Asks: 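Following this message is one structure expressed as structure tokens.
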Protein chains: 2
Amino acid sequence: MKITGDQALVKKINKSLILHTIRKHAPLSRARVSEITGLNKATVSNLVAELCSEELVNEVGPGESSGGRKPLILHFNDRAGCVIGIELRVRQLTAVLCDLGGHVLKECEVDLENHHLPYVLEQMKRIIAELIGSAPDSHYGIVGIGVGVPGMVDEQGVVLFAPNLGWEMVDLRGLLEQEFSVPVTIDNEANAGAQGELNFGAAQDVRHLLYISAGSGIGSGIIIGGELYKGARGYAGETGHMTIEAEGKPCSCGSRGCWELYASERTYDNPGLNLPARTTPELVRYALDQQEDTLRHFRTIGEYLGIGVTNLINSFNPELIVIGGALSEAEAWLGEPLRRVVAERTLPYHKQQLEITFSKLGSRGTVIGAGFTAVMHFLGRTRVTL
Amino acid sequence: MKITGDQALVKKINKSLILHTIRKHAPLSRARVSEITGLNKATVSNLVAELCSEELVNEVGPGESSGGRKPLILHFNDRAGCVIGIELRVRQLTAVLCDLGGHVLKECEVDLENHHLPYVLEQMKRIIAELIGSAPDSHYGIVGIGVGVPGMVDEQGVVLFAPNLGWEMVDLRGLLEQEFSVPVTIDNEANAGAQGELNFGAAQDVRHLLYISAGSGIGSGIIIGGELYKGARGYAGETGHMTIEAEGKPCSCGSRGCWELYASERTYDNPGLNLPARTTPELVRYALDQQEDTLRHFRTIGEYLGIGVTNLINSFNPELIVIGGALSEAEAWLGEPLRRVVAERTLPYHKQQLEITFSKLGSRGTVIGAGFTAVMHFLGRTRVTL
DNA sequence: AAACTTTGTTTAACCAATATACAAAGTTCA
DNA sequence: TGAACTTTGTATATTGGTTAAACAAAGTTT
């Protein structure tokens with residue numbers, strides 16, 4: 001049964017529109033909301049009253065007059081509730097407590113000793129419980145938990161396959177919802193990162209974004225029309241296994257010449273390179289000391305990143321590309337070769353209008369994005385397409 | 001100013017829903033429409049009455065009773081108007097006159113002697129005028145012209161770049177609208193093909209479709225959520241220039257190792273191959289005669305197609321992939337190697353749920369799709385996303 | 001202090017969907 | 001055969017949302 005139109009829907013659309021207008025443009029008056037949205041002043045007044053009584057919006061007193069009656073200033077009430085954002089990584093678990101505005105209230109980290117599901121789940125539950133315990137009192141309390149995991153996730157929040165954890169078909173959402181009785185959203189780590197940059201980082205208000213998470217592998221978060229695109233079964237964006245050398249090195253995925261064999265931290269293990277270290281933070285320090293092998297290798301990685309990025313540009317024609325993940329810390333050395341290769345290899349029209357930047361949120365992008373996914377899930381959004 | 005909700009919008013949503021329900025499920029009764037859409041019977045009655053008086057829907061008399069009063073059968077009125085679909089190719093111009101149901105009423109073809117804009121435009125105008133002249137009388141007359149061109153097109157219908165025609169920045173929509181005073185839609189040839197398969201061919205009711213047009217080059221039409229995805233500037237889907245060999249053959253686009261150098265008709269010119277012909281239809285005949293070099297080459301093309309298709313699967317995770325374009329005529333020889341390579345190279349979860357088929361509409365897919373784009377533009381569609 | 005501006009609310013009107021009742025036209029089964 | 005049931009489609013009154021217009025409140029300008 002499809003979605004039909006009735007008055008309830010109209011109200012939902014307009015209320016959602018007003019809520020998100022206030023969230024993005026606060027502080028502002030009812031009159032300004034009416035101007036921005038095109039809704040009648042009376043409609044705005046009514047719906048704002050409801051939003052206020054739902055504690056999602058606050059009236060914080062009069063503002064400056066612009067030649068008439070003083071406006072009553074509205075704010076989105078960041079403190080109406082809290083969410084928990086979690087990033088599950090290979091060696092660590094990062095978790096944050098955020099308010100509805102995405103402000104981090106508390107942060108913690110645990111090292112993981114192994115990847116057995118019961119153990120990892122135990123750690124997650126412990127850290128979540130701890131954060132929930134330290135959450136400030138609020139009208140809605142904890143409204144959701146968002147998790148970013150290094151693997152493929154379907155629409156139901158089942159981790160289909162996470163090679164770095166050795167997980168297959170883990171119903172992570174079910175397990176966490178059962179424990180905490182709040183809505184849980186599970187997302188691929190790159191998708192969470194994309195959400196973070198889209199809402200708080202380098203990609204605010206971008207319609208078509210490609211977020212590339214380059215770390216121990218490569219994954220992409222694809223935002224189309226302001227909306228996360230997950231594909232038919234939820235595992236779009238597995239770009240690390242894009243072939244860039246038809247007869248290249250064999251990959252653990254069963255294919256050959258995969259992009260991430262040439263442009264991720266997986267290259268560090270290559271013995272021929274003579275690298276003085278095996279982790280990005282260490283190599284960054286060597287690069288700062290002008291260590292030759294490191295500089296050369298970063299240049300190579302940058303160039304290979306450029307090849308894959310070019311492929312994605314040709315397919316998606318995004319407005320903006322954001323490079324995130326552990327490798328983004330090497331921006332200083334990757335940026336030039338990456339942009340050079342993209343400029344060399346893309347079609348002329350792409351060059352003019354495409355921007356490539358590195359993550360603004362750095363290593364916290366994913367965990368903030370995961371949390372924010374839960375916020376958006378709580379607030380909802382109803383829109384019309386013509 | 002954003003889209004707001006009011007009663008007019010509600011009506012638009014429901015009317016659009018009913019119209020498209022009838023279009024897809026006809027013949028059917030009002031009661032059935034009410035069931036399918038979830039709308040109240042009275043609402044359906046009212047809106048169907050309007051659609052009838054607008055001639056978009058016809059009541060064609062009573063149907064079979066299922067134990068009660070006989071239903072009054074409704075049809076979408078294919079004959080309420082006509083559209084013209086045009087496919088502009090390198091050597092030819094194909095045009096069809098279609099009714100609103102996508103049925104071809106008349107078809108013609110012109111050979112092109114050169115690609116100078118004035119000459120091509122002259123031919124297009126002549127052929128369009130001829131088809132308009134032969135259109136049957138109908139309530140709305142000619143409601144639009146849809147064109148598929150081998151190049152990149154922006155949202156305004158400007159052909160940004162069409163290397164095979166030597167065109168740059170041609171405002172084709174403007175030129176045609178000025179001449180004929182009906183809405184004109186211009187689309188990339190692969191996008192038009194995707195629309196054709198989506199509505200009439202191998203991909204009916206698929207939500208996420210990837211249509212790959214393999215001919216003199218390779219282009220892709222990307223359907224996301226049932227909607228054509230054009231990217232930030234309208235040139236998403238330029239997948240032919242995806243790198244599959246980082247240091248491969250240089251391409252005329254300025255890059256190297258582009259997919260279409262290995263998996264399109266561009267391979268035919270490679271002197272080392274010893275091919276007995278240089279066009280797909282001829283080679284198909286040789287393949288039918290078991291000509292060895294031809295069979296081997298088709299196998300190679302199929303394998304390389306598989307590599308690129310794998311890349312796109314990893315990025316987009318579509319529900320269905322349809323291979324169209326001139327090379328689809330060689331399905332018998334391309335299918336096995338293509339599917340084999342995809343099976344070898346994709347991640348395990350992709351294999352289970354992905355289908356790869358070849359175009360059902362064959363060479364007419366593009367021109368029908370182009371026409372149908374004009375139909376959809378005329379009918380409009382208003383929907384809600386939660 | 002009078003005139004004008006700006007903000008936000010109140011009022012009445014409008015209109016689309018809906019539930020409900022109902023009419024029309026069929027089938028089923030004793 | 002005819003009474004009971006089914007199905008289809010329409011008519012009616014109600015509901016509940018947006019809106020235009022008037023208005024009230026609170027400021028600025030001259």
Side-chain angles (χ1 to χ4, degrees), chain A residues 1-19 21-22 25 27-53 57-75 382 384, chain B residues 1-19 21-22 25 27-53 57-75 382 384:
Chain A
M1 207 169 75
K2 300 171 187 177
I3 297 169
T4 62
D6 60 5
Q7 296 201 1
L9 179 76
V10 168
K11 189 169 179 177
K12 220 163 145 184
I13 291 169
N14 292 337
K15 201 163 167 181
S16 173
L17 179 58
I18 290 173
L19 176 61
T21 301
I22 295 173
H25 296 77
L28 80 178
S29 66
R30 288 166 176 79
R32 186 91 189 88
V33 173
S34 169
E35 275 175 36
I36 293 175
T37 60
L39 287 165
N40 187 281
K41 289 191 295 172
T43 308
V44 172
S45 257
N46 283 329
L47 294 178
V48 165
E50 285 190 23
L51 289 168
C52 283
S53 73
V57 168
N58 283 146
E59 205 176 80
V60 296
E64 288 295 294
S65 161
S66 63
R69 171 175 166 180
K70 284 182 183 171
L72 294 168
I73 299 300
L74 302 172
H75 267 273
T382 308
V384 180
Chain B
M1 208 167 77
K2 300 170 188 178
I3 298 169
T4 63
D6 59 6
Q7 295 199 341
L9 180 77
V10 169
K11 191 167 177 178
K12 220 162 144 184
I13 291 169
N14 292 338
K15 201 163 166 182
S16 173
L17 178 58
I18 290 174
L19 176 62
T21 302
I22 295 174
H25 296 76
L28 79 178
S29 66
R30 288 168 176 76
R32 187 89 189 89
V33 173
S34 170
E35 274 175 38
I36 294 175
T37 60
L39 286 165
N40 187 283
K41 287 191 296 171
T43 309
V44 172
S45 255
N46 283 327
L47 294 178
V48 163
E50 284 190 24
L51 289 169
C52 284
S53 73
V57 168
N58 283 146
E59 207 178 78
V60 297
E64 288 295 293
S65 162
S66 63
R69 170 175 165 180
K70 284 183 183 170
L72 294 168
I73 299 299
L74 302 171
H75 267 272
T382 309
V384 181

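Computed from heavy atoms alone, side chains included, the values below leave out hydrogens, waters and symmetry copies. Every chain is numbered from 1, with letters handed out A, B, ... down the list of sequences. In this text the structure is predicted, and so the values were computed from the model without any measurement.
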Asks: Under the 3.5 angstrom rule, does the side chain of S34(B) hit a backbone N or O of R30(B) as a donor-acceptor pair?
Replies: no

Asks: Rounded to the nearest 0.5 Å, what separation is found between the CD1 atom of I3(A) and the OG1 atom of T382(A)?
Replies: 8.5 Å

Asks: Go through the structure and list residues passing side-chain contact (heavy atoms from CB on, under 4.5 Å) with V33(B), not counting sequence neighbours.
Replies: I18(B), I22(B), L28(B), T37(B), V44(B)

Asks: In this structure, how many angstroms lie between the P atom of dA16(C) and the NZ atom of K12(B), rounded?
Replies: 13 Å

Asks: Do any N or O atoms from the side chain of N58(A) and from the backbone of V60(A) form a donor-acceptor pair under 3.5 angstrom?
Replies: no

Asks: Measuring only between side-chain heavy atoms, which start at C-beta, is V10(A) closer than 4.5 Å to L9(B)?
Replies: no

Asks: Measuring from atom CD1 of I13(A) to atom CG of L39(A), what distance do you get when rounded to the nearest 0.5 angstrom?
Replies: 10.5 Å

Asks: Roughly how far apart are E59(A) CD and S29(A) OG, rounded to 0.5 Å?
Replies: 10.5 Å

Asks: Kindly write out the residues that satisfy side-chain contact (heavy atoms from CB on, under 4.5 Å) with K11(B), not counting sequence neighbours, or none if the list is empty.
Replies: L47(B), E50(B)

Asks: Could you state the CG-C1' distance from L74(A) to dT7(C), rounded to the nearest angstrom?
Replies: 12 Å

Asks: Under 3.5 Å, side-chain donor or acceptor atoms of residues 61-74 of chain B against the rest of the protein: list the pairs with distances, not counting sequence neighbours.
Replies:
from, atom 1, to, atom 2, distance (Å)
S65(B), OG, G67(B), N, 3.0
S65(B), OG, G68(B), N, 3.0
S65(B), OG, G68(B), O, 2.6

Asks: Starting at the 5' end of DNA chain D, write a dot or bracket for each base, bracketing those in Watson-Crick or G-U wobble pairs whose two distances are under 3.5 Å and using | for partners on another strand.
Replies: ||||||||||||||||||||||||||||||

Asks: How does each nucleotide of nucleotides 2-10 of chain D score, in 5' to 3' order, for protein heavy atoms under 4.0 Å: base (B), sugar-phosphate only (S), or none (-)?
Replies: ----BBBBB

Asks: State whether the side chain of T4(A) and the backbone N or O of G38(B) hold a donor-acceptor pair below 3.5 Å, judged by distance alone.
Replies: no

Asks: Using a cut-off of under 3.5 Å, enumerate the N/O to N/O pairs linking the protein to nucleotides 13-17 of chain D.
Replies:
from, atom 1, to, atom 2, distance (Å)
dG16(D), N2, Q7(A), NE2, 2.1
dG16(D), N2, Q7(B), NE2, 2.6
dG16(D), N3, Q7(A), OE1, 2.8
dG16(D), N3, Q7(A), NE2, 2.8
dG17(D), O4', Q7(A), OE1, 2.9
dG17(D), N9, Q7(A), OE1, 3.4
dG17(D), N2, Q7(B), NE2, 3.2

Asks: Whole-Å distance between dA16(C) C1' and I18(B) CD1?
Replies: 12 Å

